Structure formats: structure tokens, C-alpha cells
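Below is one structure, written out as C-alpha cells, with a few remarks after it.
Just so you know, these numbers come straight off a predicted model, no measurement behind them. Sequence lines set the chain letters: A, B, ... in the order given, protein chains first and strands last, and positions in each chain run from 1.
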Amino acid sequence: MSKILIDIIENIKKEINLSINNSIKKNLLISYEKNFDINIEIPANKNNGELSCNIALNTAKIFKKSPKQIAKIILNNSNFCDFIEKTEIAGVGFINFYMSQKFYSEVLKEIKLKKQDYGKINIGENKKILLEFMSANPTGPMHIGNARIGILGDCLASCLELAGYEVFREYYINDAGNQIEKFFKSLDIKYRQIYSEENIEFPEDCYHGENVKELAQEFSEIYENKYINSDLKTRKKILVNFGLNKNINKIKSDVEKYKIVFDNWFSENDLYKDNKVKEIIQKLKDKDLVYESENAVWYNAKKFGSEKNEVLTRQNGIDTYFAADIAYHYDKFKTRNFDICINVWGSDHHGHISRLKNAIKSLGINDGNLKIVLVQFVRLIKDNELIKMSKRTGKSIQLIDLIQEVNLDSIRFMFNLKEPNLKMDFDLGLAVKQDFQNPVYYVQYAHARICNIFKSLNDEILKEYENSDINLKNLNSNIESELIYYTSLYTLEIIKISRDLDPTRITRYVINLTKIFHRFYNEKKIVISKNKDLMYSRLYLCECVKIIINKILNILKVSSPEYM
RNA sequence: GUGUUAGUAGCUCAGUAGGAUAGAGCAACUGCCUUCUAAGCAGUAGGUCAGGGGUUCGAAUCCCUUCUAGCACACCA
């Protein structure tokens, strides 16, 4: 468990509360019953210490003293652990903490000991999370927005695992409902067009993408005109099966090319096969939330403050996506017993959140355990021009097109740079052309530099380094302290990622870490044969930084080159 | 129209459970390789945090309001 810094922060909070209580007993502060929520932060400016507390400012009114007086009383009546070198009262009354040399040494020892497990914490308490993401429609190829969602979801899963959750990654295949009817209709017409002399019209509301045409073509190459005159039911079954299989396999292979991993591919159709959709409608009916009107079955969402009610079963007898989605989430929570469900959705689904939450709440599920991460659309820019990606026009930029132009390291890194819930412009020209400007190389370069240092050492030195007792107290310059301190913040980052469900923080963290490392590298010579004691300490530090960079690049599934 | 997300340097973005002098990268300019990798480092310049109110010791961050933009408001998924 890596949590030196976390422990110190907790210790400070406890000690300050203790100090306040003691001061009250000694009549130094006026009586107040509650324990305070102590806020410890990392100051933006290094001159304000490594940790800082604003408790004296927040309690000035309560204690009717100036913040500085309160801070002084608190410090006089407290005794912090030996990881704290000194404290000071600064500015308008902040209490600032400076770390001791022991702290720096212990952080490095922990990294070296835990290696890739450094940063692991257990705030998740092994709770089971079902993380559903990507879930692109199988009626056509995936577009670039799906790539962003896939990469963010994949990375979020890894981060949550680090935070101590048990994460199950799932892809929901929408292979049922109205859209499958539409998919069949589109395929069927394209298929018949191939063999018909007459001009069969292709309706506006069908899928206009190239994909449908290609599928019909492939189908006809295998079966020729065998099914042209079959009855509707037979034709539908064979065409839909053929099309879905092809598309889903394509999705699976594309996903693999992006190194995105799923534990399970959940078929919407299975919900129907197992009668789970009808069961859920019945359950809602039992709770008096369902009524029939205009030959459709409705869910009474207005009861929960919605503006309008929702259809569960259409006039044509087909259940809606909404009905299936309730059944799907019931299955996640109640049948498969997940503690928390996280869905990574395109932000165009945001309207769906409240009605789904209301629906599962009415089935006795705590809707607070359903969390939605919204991901906004990606626009692709090339030569300052917007590349459209409408599925309907058939000229969409597919997910697979991108990987043919830009290398995967770069794609994965770039998509992990910007917060999910912000729209993003992906500059294709820049990503391809100007490799050296890309932050991914900046980070990888630091890794390669460290590898190179170790490669330059001969076996004898390496052996001595491995076996000697390293004096980490040598690492006492500003830049070394700063670098070590930053490595200790890694755990805090993992906590914030699981709190905000924003994996992109880790990318920004590793960029900052490498920035400090590059600065250190320029400022301090590492291989110094005259002073082996110092050299080994610095090698130790390099090794620790390398461990973290490597770990984060692994999370991002970006390669860690040893040479560049 | 209603809901929702946003607006921070020329460009791309960090920073929001209120904190100290608002930060990076790119682009511009100036330096640093006989030295562990210059895909690097150091420095200069660049700001009415969209506008206006409010809350308080303190606001880019919270509240109200105006403006601008994306998205959603289907018996699509």
C-alpha cells in the first residue's frame, strides 16, 4: 500500500483537531463542540511549503481571534510526526508544512520496493464496478468519437483498479430493436438492387453508409441470388445475421487494434431471448408505473418530475431502447450484483441519464451507484479544415482510418489529454507531421534517457549499485526534492481520478513529472565516477522516476521505448 | 423555447469539494551540445479568467443575470 503522503496528511488532520480540542480545554480557544473538516492542500507555489492548511482562516469567526493567533495556538499545542521537518505561519494565517529528509528517502524506498504496484491504494475496498463503454452500434462502422470513448474508458478502468476497485469492462451490443429492422430493410434493398433490372428506391430513413452496400455485395458474392425470392422471415434472419456478424467482428478487431480490452460483450438481444425486457415491464407494472395508451405501453416518468412520459413498447409491438436499458441495468445491479455501474456515453445521451436513473430507482436500486461519464464529440481537423463525419453521408471518418495515419501511441496519448466532458479538436495534420511537438515523445524521451544512463554503466558498477547501501540523504538539492515530492503525489492523483472519473489527469501528471525530470537531468550530472555515493543516490532516483513513467505509460497502453 | 456543457495568453489547453503573485505546451524572440540522448534545458514577451452584479477575510472556482458556442429535448439508439 503506497500511502506515505496520504498517511501524513491524515496524521496532520488528526493532530490539528487534537490540538484545537486541547486548546479549548486550556481555555486558549473558546468552546466549540464539533470536529473540524481539516483541509490540507498542495500549495501551488513551492515557497509555501509542501503542504498547507487554512484551518486558522476558516475558524477565525468561530474563535473570534485573528487567523494568525489561532494558527499560533494550534502549532503550540501540536506535535507532528517526524516526516515534517518544520512548520510556519505564513501570509494571512496559513500553516505551512515542510517535509523532512526522512520523508524523501522513504518515498523513494517505497517506489523501488513496490515497483509497478507503487500508487496502489484501497479506497475502492474491492467494490465491484461494471464499466460499460464504447458500445457503438453494430449497424455500421465505428467513428472517431468511439475511439475517444474507448480509450478513455479503457484507461479509466485501469486507474480504478489502481484505486482498489474490481473492474469489469463491458461492451453493450445494440443488436435488437427498431434499428435492426432498419438495418435489415437497408441491406435487403441493396441486395435486391443488385439483381433487379428495375430501379428499387432506397428510402431516406435507411442507412446510407457505404457499409450497407458493401455488406450486400459480399453477401451476394457468397449466396448469389439464392435468397432473392425467399420469404421475408428467412431473408431477414440470414441477412441480419450475416450483417451483424460481419460488423461485430470488425468492431472486435478494430477495438483490438486500439489495444482496448473488454471482459465481456453483452448482447442486447439476449435480454429479449431471456425475456428480461418483458419481466422488467411487468415489474414496473406491479409498481403501478405503467399504462397503455394509443396502443403503446408507457412508463409514467412524470411521477418523478419528468416533463413527459416514455414509451416502453411501441405500437408495432417492439420494445424501446429505454425498456431494454432498464432491463440491462437491472441485470447489472440485481442479477450480477455489481456495487457500482459506470457508463461512458457520448454526451448526446445526456438527456437519457435522469430518466434511466429514475427508472432504476423505482425498482429499488440506489441510483447514486449509477455514474455516467459523458464524452463530447471529437472533431477532426486537417489543414485548418473540419472533416465531417456524418454516418448518413457515408463519408464518415472511421475509427480505423485514424490508426492508419497516426501511430497508436500518439492517438492514445492525445485522447487522454483532454477532459472527457469537453469537445475536442483532433488535429490530424499536427499529429502526423510534427512528431516532436507531441507530448507523448516528451514523456517517452525521459524514459529513454533513463534507460540510456543505465545502459552506459558497466556490469561491475551496476552490481555494486544493486548491492550497496544507498545514502538517499545525498538527494538534498531543490530540484531533487521537487522531483521526489512530485513522485509522492502520484497516489493523490489516483484518488482524484476515481473521485472525478477523469483518467486524463494521469496524462497531465506524467507530463509534469517528466518536465521536472528533464530539468533535473540538465541540472545534475548523474554518472559521476569520482563520487560513487552521490552517483548511486541519483541512479536510485532515476530508477524510481522510470518506474512511475513506465507504469503510467502502461496504463495508457503507450510504449516505453528504451532508445529514441 | 426548456434542459445541459462550456467561454482562461495569438493558438491548444491546465488550474473549480473558495486560498497566497492565474500556469504549461505551441507559435515569436535570446542563450545553452569536446560532457549521462538538444525529441532536451534556461530566459524574454504575451491576461479586463466572455460582460455585469452578489456572497466573504479571500472568487477563474459558489449564486444571480446577460451575451456567445456545442449537444439534447422521437413510438432512434
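- Remark: C1' of B:rC26 and OH of A:Y441 are 16 Å apart, rounded to the nearest angstrom.
- Regarding contacts with the backbone of B:rC57, a side-chain N or O of A:K61 is found under 4.0 angstrom from either OP1 or OP2.
- Using a 4.0 Å heavy-atom cutoff across all strands shown, A:N48 reaches at least one base atom of the nucleic acid.
- Along RNA chain B, the nucleotide closest to A:K524 and the one closest to A:T313 are compared, and the more 5′ of them pairs with A:K524.
- Distance from the side chain of A:R449 is smallest for B:rA38 among the nucleotides B:rA72, B:rC57, B:rA38.
- Using atom C1' as the reference point in both B:rU56 and B:rG19, the two lie 12 Å apart (nearest Å).
- Residue A:T320 places no side-chain atom within donor-acceptor reach of the base of B:rA77, judged by atom type and a 3.5 Å distance cut-off alone.
- The closest side-chain heavy-atom distance from A:K332 to A:N343 is below 4.5 Å.
- Map A:R508 and A:L51 each onto its nearest nucleotide of RNA chain B; the residue landing nearer the 5' end is A:R508.
- For A:T507 (side chain) and A:N416 (main-chain N/O), a donor-acceptor pair under 3.5 Å exists by modelled atom type.
- One interatomic measurement links the two molecules: OH of A:Y445 to C1' of B:rC36, which rounds to 11 Å at whole-angstrom precision.
- Residues passing the side-chain hydrogen bond (donor to acceptor under 3.5 Å, both in side chains) test with A:D533 are A:N474, sequence neighbours excluded.
- Looking at the side chain of A:H350, the nearest of the listed nucleotides B:rG19, B:rA72, B:rA14 is B:rA72.
- The existence of a salt bridge linking A:D188 and A:K236 is excluded, since no basic side-chain nitrogen approaches an acidic carboxylate oxygen closer than 4.0 Å.
- Across the protein-nucleic acid pair, A:F415 atom CZ and B:rC13 atom P stand 13 Å apart, rounded to whole Å.
- Nearest to the side-chain atoms of A:Q376 among the listed nucleotides B:rG70, B:rA39, B:rA77 stands B:rG70.
- Between the C1' atom of B:rU21 and the NZ atom of A:K46 lies a distance of 14 Å, rounded to the nearest Å.
- Heavy atoms of A:A448 sit under 4.0 angstrom from at least one base atom.
- Base pairing of B:rU30: its partner is B:rA42, meeting the Watson-Crick or G-U wobble criterion (both donor-acceptor distances under 3.5 Å).
- Comparing B:rA20, B:rC41, B:rA77 by their closest approach to the side chain of A:P43 singles out B:rA20.
- Using a 4.0 Å heavy-atom cutoff across all strands shown, A:Y563 reaches at least one base atom of the nucleic acid.
- Seen from the ring of A:Y442, A:K515 does not count as a face-on cation partner, given the 6.0 Å and 45° thresholds.
- As rounded to the nearest Å, B:rA50 and B:rU5 have C1' atoms that lie 16 Å from one another.
- For A:V527, whose side chain is taken as the heavy atoms from C-beta onward, the closest listed nucleotide among B:rA72, B:rC36, B:rG25 is B:rC36.
- A donor N or O paired with an acceptor N or O is found under 3.5 Å between the base of B:rA20 and the side-chain atoms of A:N96.
- Taking the syn range as angles within 90° of 0, the glycosidic angle of B:rC33 is syn.
- A:Y509 places its OH atom 16 Å from the C1' atom of B:rA14, with the value rounded to the nearest Å.
- Here the separation of B:rC64 from B:rC26, taken at their C1' atoms, is 38 Å to the nearest Å.
- Checked for salt-bridge contact, A:R508 and A:E493 miss the test: no charged N lies under 4.0 Å from a carboxylate O.
- Put simply, the side chain of A:H518 and the base of B:rC41 share no donor and acceptor less than 3.5 Å apart.
- Contact between the side-chain N/O atoms of A:Y442 and the OP1/OP2 oxygens of B:rC26 is not found at any separation under 4.0 Å.
- Of the side-chain N and O atoms in A:K423, none sit less than 4.0 angstrom from OP1 or OP2 of B:rG7.
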